[in-house]
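What follows is a short report on a single structure.
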Amino acid sequence: MTKYSGFFYSKDGGKTGKYVDLEDALSNLNNYADFKNKYDNMIYCPECHKAILFLTINTKKHPFLRKKPTSEHKAGCSKIYEAGSLKETSEYIEHLTDDQIKNKVNSMFANLFGSQNTDKGSGAGDTSSRSKNGSPFSFGNLTGKSIRRSFRVRSLKSYIDQDDDKDKVYLIYGKAKLSVLTQTAKKSGNEYDLLEVDPQDKYHHVYRIYLGKHDERSIDPNSEYKVLFIGKYNFSFKYHKEIEEDGEKKKIRVWNFDLINNNLQALKYEKCN
């Protein structure tokens, strides 16, 4: 079952509208009834703008969006396909050259960070300009069968469930503060770098991505960046970092994230204008 971390909010059947992050929408309203009153019957697939979505709240899990059974995606939308397994997605990336991975990531980056307040002719979610080649968020399966799989796409602000998210590949994107942390390995004494990604969301967590020995030193920790990375959560280590907020010290959760196949081409970021 496909879950969605955001949706296309439209009052005219998906013709025009804007992208809304689910966690932003939930945090800005008092309760689920307010969400329903504001968005009910105006929530569409963030990619094709055709399939109708609804909020599932009668569950022990965190609320999430899914497609109405009677609604269909537009042809070419990646949400039609089953999400690729860890093995399938890793094999797909493994068989690409670095240039091919870079081009794939650039295509997805451009799509996700296009105009978010858009009609169907431009920006994120537009499928009209790429129907011949299919969605950049889908890929061919390598078993020799003529089937396709899709990337699991989620926002940086998405709620993280260790049971559901374990051993799954995610394409994660959003706007965040970035910083490079240099640490020293206990056994070897060698230095290595981590990229810390802070979406500054209501859950107040940060991601840390292993970079190895990295030469990037131009990141401005005071600026906001558009960032995308592909891989899986590493739940082997559980720890927090201490910050100061409103004059008080508090601890926030740190999530380790491993780039798929440890390939740095699966990471892209640009400073916001």
Side-chain angles (χ1 to χ4, degrees), residues 1-6 21-23 46-47 56 59-67 78-96 98 100-101 104-105 108-109 112 135-145 147-174 176 185 192 194-199 201 203-212 227-241 252-269:
M1 178 184 61
T2 300
K3 295 182 181 180
Y4 304 77
S5 60
D21 187 281
L22 176 60
E23 298 304 330
E47 185 176 336
T56 298
T59 172
K60 294 180 181 179
K61 298 292 185 180
H62 187 74
F64 60 90
L65 295 167
R66 59 179 175 177
K67 182 182 75 68
S78 72
K79 305 302 184 184
I80 295 173
Y81 309 114
E82 181 181 334
S85 67
L86 175 59
K87 183 176 183 294
E88 289 171 332
T89 314
S90 298
E91 287 183 351
Y92 169 71
I93 296 295
E94 184 179 357
H95 283 76
L96 298 180
D98 282 352
Q100 288 174 323
I101 298 173
K104 182 78 168 176
V105 169
M108 294 188 287
F109 191 93
L112 290 168
S135 166
F137 305 105
S138 64
F139 60 92
N141 186 265
L142 298 175
T143 62
K145 300 178 181 179
I147 57 176
R148 295 187 70 79
R149 293 289 186 252
S150 66
F151 287 93
R152 290 182 177 86
V153 181
R154 75 185 320 177
S155 163
L156 273 171
K157 298 180 180 180
S158 293
Y159 178 81
I160 297 168
D161 186 316
Q162 294 189 56
D163 292 329
D164 284 348
D165 296 335
K166 183 180 180 181
D167 294 329
K168 292 179 180 177
V169 177
Y170 283 99
L171 184 161
I172 299 179
Y173 76 99
Y192 62 93
L194 299 169
L195 180 69
E196 185 168 279
V197 182
D198 184 356
D201 64 332
Y203 300 113
H204 220 146
H205 57 228
V206 298
Y207 293 80
R208 285 184 181 169
I209 302 171
Y210 177 78
L211 300 177
V227 60
L228 177 157
F229 45 92
I230 304 170
K232 67 184 185 72
Y233 296 97
N234 184 341
F235 296 126
S236 300
F237 305 97
K238 181 178 180 179
Y239 57 96
H240 298 75
K241 68 173 289 188
I252 61 174
R253 182 62 192 264
V254 175
W255 299 105
N256 288 331
F257 194 89
D258 297 333
L259 295 177
I260 190 165
N261 297 359
N262 297 314
N263 195 314
L264 289 178
Q265 299 299 330
L267 165 69
K268 181 179 175 65
Y269 48 85

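Note that these values count all heavy atoms, side chains included, but never hydrogens, waters or copies made by symmetry.
A cation-pi geometry, defined here as NZ or CZ lying under 6.0 Å from the six-membered ring centre and within 45° of its normal, holds between Arg154 and Tyr170.
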Inset, instruction - For Asn234 and Phe257, run side chain to side chain contact (heavy atoms under 4.5 Å, CB included): C-alpha distance rounded to whole Å, both residues' side-chain angles, the deciding distance at 0.1 Å, then the answer. - result: CA-CA 5 Å; Asn234 184 341; Phe257 194 89; over 6 Å; no
Inset, instruction - May I have the step-by-step check of side chain to side chain contact (heavy atoms under 4.5 Å, CB included) for Leu171 and Leu228, ending in yes or no? - result: CA-CA 7 Å; Leu171 184 161; Leu228 177 157; 3.8 Å; yes
Inset, instruction - Check the pair Lys79 / Phe137 against side chain to side chain contact (heavy atoms under 4.5 Å, CB included), numbers first and verdict last. - result: CA-CA 9 Å; Lys79 305 302 184 184; Phe137 305 105; over 6 Å; no
Inset, instruction - I would like to know whether Leu156 and Val197 meet side chain to side chain contact (heavy atoms under 4.5 Å, CB included); could you show each step before the answer? - result: CA-CA 9 Å; Leu156 273 171; Val197 182; 3.9 Å; yes
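Between Phe235 and Tyr233, the two ring planes are parallel [angle under 30°; tilted spans 30° to 60°].
Taken to the nearest 0.5 Å, the OG atom of Ser236 stands 8.0 Å off from the CG atom of Asp258. With rounding to the nearest 0.5 Å, the separation of CG in Leu195 from CG in Leu264 is 10.0 Å. In this structure, the separation between OH on Tyr92 and CZ on Phe139 is 7.5 Å, given to the nearest 0.5 Å. Once rounded to the nearest 0.5 Å, the distance linking NZ of Lys157 with NE2 of His205 reads 10.0 Å. Atom OG of Ser5 is separated from atom CZ of Arg152 by 13.0 Å, given to the nearest 0.5 angstrom. For the atom pair Leu22 CG and Ser158 OG, the distance stands at 7.5 Å (nearest 0.5 Å).
The main-chain N or O of Glu88 is never found under 3.5 Å from a side-chain atom of Glu91 such that the two would form a donor-acceptor pair. The backbone N or O of Gln265 lies less than 3.5 Å from a partner atom in the side chain of Asn263, making a donor-acceptor pair. In this structure a side-chain-to-backbone donor-acceptor pair under 3.5 Å is missing from Thr89 to Leu86. Under the 3.5 Å distance criterion, the side-chain polar atoms of Lys104 are matched with a main-chain donor or acceptor of Pro136. For the pair Asp165 (side chain) and Ile160 (backbone), a donor-acceptor distance under 3.5 Å is absent.
Of all the heavy atoms in Ala176 and Val227, the pair that sits closest is CB-CG1, 4.4 Å. Nearest approach of Ser78 to Ser150, heavy atoms of both residues: O-CB, 3.3 Å. Here the closest non-hydrogen pair linking Val254 and Arg208 is CG1-CD, 3.6 Å. Shortest non-hydrogen contact noted between Ala266 and Ile260 is CB-CG2, 3.9 Å.
Using a 4.0 Å cut-off between charged side-chain N and carboxylate O, Lys3 and Asp164 make a salt bridge. With salt bridges taken as basic N to acidic carboxylate O contacts below 4.0 Å, none links Arg148 and Glu82.
Between Trp255 and Lys238 there is no side-chain heavy-atom pair separated by less than 4.5 Å. Side-chain contact check for Tyr207 versus Glu196: every heavy-atom pair is 4.5 Å or farther apart. Contact check for Lys67 versus Thr2: no side-chain heavy atoms found under the 4.5 Å cut-off. Between Lys241 and Arg253, every side-chain heavy-atom pair lies at or beyond the 4.5 Å cut-off.
Checking Tyr239 against Asn256 by side-chain atom types alone, a donor-acceptor pair falls below 3.5 Å.
In this structure, Phe109 has its ring center at least 6.0 angstrom away from the ring center of Tyr269. A distance of 6.0 Å or more separates the ring centres of Tyr4 and Phe64.
Within 6.0 Å of NZ on Lys166 lie no more than 12 heavy atoms contributed by other residues, nucleotides or ligands. By the 6.0 Å contact criterion, NZ on Lys168 is enclosed, its count of non-hydrogen atoms from other residues, nucleotides or ligands being greater than 12.
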